Amino acid sequence: MNIQLEKMKKNQEYERRKIIAEEKHKEWVKKKREEERRERKQKLSKEMAEKATRELEKMQLQEKAEVKYKEWLKKKRAEEAEKKKKEKEKEKEREAELQEKRTRSEKIFKEWLQNARNKPQPALNGHGFPQGKSTGLY
């Protein structure tokens, strides 16, 4: 009877320990899962923060590039405007020179015309000889 009672106690103790071990195992598994989930959450939030940082840096770089491009474009347009202005000035100078040349030419032509009217007329049959005939032999 004592042996049976002892066996029963041992079985009960074994069952109790088994239940406690199962509960502890379940708790451990639960804690482990929670810990893994927390780690995943942290990892995900860290990745998201890094991604956001990268995106922000990318946007800043893009903005800088856009600003530099706009400055370059502005500079280029200013250079083109300056170049056109210089070309126009050269063209004006060229036109002024041509106009001056024309007026000088016209003035010289008028002077020549005036002088040509005042010059004596050559003899009609002169051919460079007096009275149109050769005067003697060499």
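What you see is a predicted model; the values in this text were computed from it and never measured.
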Check whether any side-chain heavy atom of L73 sits under 4.5 Å from a side-chain heavy atom of R77, and report yes or no. yes

Is there side-chain contact between L5 and M1, with heavy atoms separated by less than 4.5 Å? no

Between [atom1] on residue [X] and [atom2] on residue [Y], distance to nearest 0.5 Å:
X	Y	atom1	atom2	value
K83	K76	NZ	NZ	8.5 Å
I20	E27	CD1	CD	11.0 Å
K85	K88	NZ	NZ	10.5 Å
Q114	F109	CD	CZ	11.5 Å
K75	E71	NZ	CD	10.0 Å
L61	L56	CG	CG	10.0 Å

Stepwise salt bridge (charged side-chain N to carboxylate O under 4.0 Å, His left out) check, E97 with K101: CA-CA 6 Å; E97 286 177 11; K101 200 173 182 181; over 6 Å; no

Note: [X]-[Y] ion pair, threshold 4.0 Å (strictly below):
X	Y	result
K84	E80	no
R94	E91	yes
E66	K70	yes

With R102, which residues qualify under side chain to side chain donor-acceptor pair (under 3.5 Å), at least two apart? Q99

Tell me, please, which residues at least two apart from E87 pass side chain to side chain donor-acceptor pair (under 3.5 Å). none

Can you tell me if CD on Q62 sees more than 12 non-hydrogen neighbours from other groups inside 6.0 Å? no

In short, salt bridge (charged side-chain N to carboxylate O under 4.0 Å, His left out) pairs touching residues 34-62 with sequence neighbours left out are none

